[in-house]
2 protein chains.
Amino acid sequence: MSYQIGKVADLAGVTVRTLYHYDEIGLLSPSERTSTGYRRYDEADLERLQQIRYYRELGFSLEEIAEILDEPGADAAAHLRRQHELLSERKARLEKMINAVEFAMEAQKVGIKLTPQERFEVFGDFDPDQYDAEAQERWGGTDAYKESARRTSQYTKEDWQKMKAENEEWGRRIVAIMDAGLASDSPEAMELAEEHRQSISRWFYECSYEIQTGLAEMYLADERFMATYEAIKPGLTVFLHDAIMANAVARS
Amino acid sequence: MSYQIGKVADLAGVTVRTLYHYDEIGLLSPSERTSTGYRRYDEADLERLQQIRYYRELGFSLEEIAEILDEPGADAAAHLRRQHELLSERKARLEKMINAVEFAMEAQKVGIKLTPQERFEVFGDFDPDQYDAEAQERWGGTDAYKESARRTSQYTKEDWQKMKAENEEWGRRIVAIMDAGLASDSPEAMELAEEHRQSISRWFYECSYEIQTGLAEMYLADERFMATYEAIKPGLTVFLHDAIMANAVARS
DNA sequence: GCTTGACTCTGACGTAACGGGAGACTGGAG
DNA sequence: CTCCAGTCTCCCGTTACGTCAGAGTCAAGC
């Protein structure tokens, strides 16, 4: 069983021109020709094309691919293993980039400027080991921001003003609680943590306790998020963080 | 605060030539020049470069990026949302490719040939909705195949022969159990399911009950995997599948 | 004030991986 | 026998830079 060039192109999702090119440079020369010069690709050719496509997807140049595939002692299984590893690395890199975008969105929402390093560190050389895939999960997958985008795009100026007013009111109340000397795990503080969560749920996206605790950690970990809360009242960031944690534990 | 071209190049992980190029085609022209003609990039330029890098990573051409970025009414937040969505799609696609590679590895291990469609379907147009991210989890993340690769690379010819002998012995025993008319959830059948799991753990990778049940489903879902077991004895695939399920339930 | 080495400037040509024709031949359906 | 889609080889075009070349710039050190 063998296929002619157009069929192969369709199957593999490439153009015939690409296959001509691969033949020209000797990367993939069909193992047979008909008497009239038509190219015929067999199973082995398809397998090679499959490997080529994976390595291309991974960003290798055709020259590099030719070297890799013609390496003696590297069989199909070895290539699959290698591709699996490289794809996994790419995935980790992508997750890192998604997190970076989420971070940038959150920063922008609060009106914080990114440092030049932060803008680009995700594009730098990547060490897969240092990356914690779980961080990704904190956001509850990928829907939160989609939902947020869908909702906020509809908001009018009055909506934003109303939101701002609500937030300020909330700020006054939590400051009052702190001033009253109440603990961060007092019912009053926890109630305000709960309101913080519900406010996000109402205005932006369904905010689970898990997501909220993720936010609380981020407020603490990043001095600029911290600054926005500290500006309202010194100590508020830690207080809010603890209240969120206490509330999350109590409610679940 | 503004930066000169080399600093920007370092920060963003591109070459100065790339920045010259972006300037030439009007994609990113620094907002200022010194009196001696040196380019000076400010914060806004960096933000634009950040967007450019994300869109490039996503495979857009420079011309497309110019259009997107100069679209009126698209602010930074809109770009971040768009990038987030596109990155998520890419991630789903990558996961699909990883699964396809794993499938190919499993197929190869058992000596099954892939159909041309299977070789390339993962490269086709991708509908993100149809993809089930959980399938990915069945393999217990990404370590199983790494481990398998690490171990099998050390194996000698005798190891492989020993493994083969073990497998054949296991095959004879499970056939005997079927012939004896025992049920798939009989202790004897479950014991052999357990041996199946331990054999994989010993020879390839730490095989959890979760992974094993994933394998059992794959044996049933794919007629060619099925064929390898049916060749030993008709009905074996279903029998083994049920035994694995019963054993997994019983042990956890 | 002068040198020096790292950095920057503007051309201009080179390259990888195809895209998109032109013009001629092939091959199966009617 | 005729068509029309598919295939062949040749060849020039394009994108996103890489790679010099030759000249000017800048901060540091003597």
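Residue numbers begin at 1 in each chain, while the letters A, B, ... track the order of the sequences. Values reported hereafter were calculated over all heavy atoms of this structure, with side chains retained and with hydrogens, waters and symmetry mates removed.
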- Task: For A:Thr34, report the nucleic acid contact type (base, sugar-phosphate, nothing); a contact means any heavy atom under 4.0 Å.
- Result: nothing
- Message: To the closest 0.5 Å, what do you measure between CD (A:Gln83) and CZ (A:Phe60)?
- Response: 9.0 Å
- Note on the structure: Comparing nearest nucleotides in DNA chain C, the 5'-proximal residue of the pair A:Thr15, B:Asp23 is B:Asp23
- Query: Rounded to whole angstroms, how far apart are CD on B:Glu63 and C1' on D:dC17?
  - Reply: 16 Å
- Task: Send over the distance from B:Glu24 CD to D:dG18 P, rounded to a whole Å.
- Result: 12 Å
- Query: Can you check the A:Leu49 CG to C:dC18 P distance for me, whole Å?
  - Reply: 11 Å
- Answer yes or no: side-chain N or O of B:Tyr20 and base N or O of D:dG18 forming a donor-acceptor pair under 3.5 Å. no
- Task: Might you work through the side-chain contact (heavy atoms from CB on, under 4.5 Å) test for A:Arg39 and A:Arg33, ending with a clear yes or no?
- Result: CA-CA 5 Å; A:Arg39 274 162 255 251; A:Arg33 294 272 191 135; 3.1 Å; yes
- Return the value, rounded to whole Å, for the distance between atom CD1 of B:Ile52 and atom P of D:dT15. 17 Å
- Record whether the side chain of A:Tyr38 comes under 3.5 Å of the base of C:dG27 through a donor-acceptor pair of N or O atoms. no
- Note on the structure: Separation of C:dG27 atom C1' from A:Lys7 atom NZ, nearest Å, is 17 Å
- Is any side-chain nitrogen or oxygen of B:Gln4 closer than 4.0 Å to OP1 or OP2 of C:dC7? no
- Query: Between B:Leu19 (CG) and C:dT8 (C1'), how many Å, whole number?
  - Reply: 12 Å
- Message: Using the side-chain heavy atoms of A:Ile5, tell me which of these nucleotides is nearest: C:dG19, D:dT7, C:dT26.
- Response: D:dT7
- Task: Under 4.0 Å between any heavy atoms, over every strand shown, what does A:Arg40 touch: base, sugar-phosphate, or nothing? Just pick one.
- Result: nothing
- Where do B:Glu24 and B:Arg17 land on the salt bridge (charged side-chain N to carboxylate O under 4.0 Å, His left out) test, with the steps shown first? CA-CA 10 Å; B:Glu24 262 178 50; B:Arg17 181 65 239 276; 3.3 Å; yes
- Just jot down the ring-ring contact (aromatic ring centres under 6.0 Å, His included) partners of B:Tyr41, sequence neighbours excluded, or say none. none
- What about B:Arg17, does its side chain sit under 3.5 Å from the base of D:dT19 through a donor-acceptor pair? yes
- Message: Without decimals, in angstroms, what is the distance between B:Asp10 CG and C:dT8 C1'?
- Response: 14 Å
- Query: Where the side chain of A:Arg39 is defined as all heavy atoms beyond and including C-beta, which of D:dT9, C:dC18, D:dA16 is the nearest nucleotide?
  - Reply: D:dT9
- Message: Using a heavy-atom cut-off of 4.0 Å across all strands, would you classify A:Arg33 as base, sugar-phosphate, or nothing?
- Response: sugar-phosphate
- Task: Write down the distance between CZ (B:Arg56) and P (D:dT15), rounded to a whole number of angstrom.
- Result: 12 Å
- Task: Give a yes/no on whether any side-chain N or O of B:Thr36 is located under 4.0 angstrom from OP1 or OP2 of C:dT8.
- Result: no
- Carboxylate-amine/guanidinium contact A:Arg48 A:Asp70, below 4.0 Å: yes
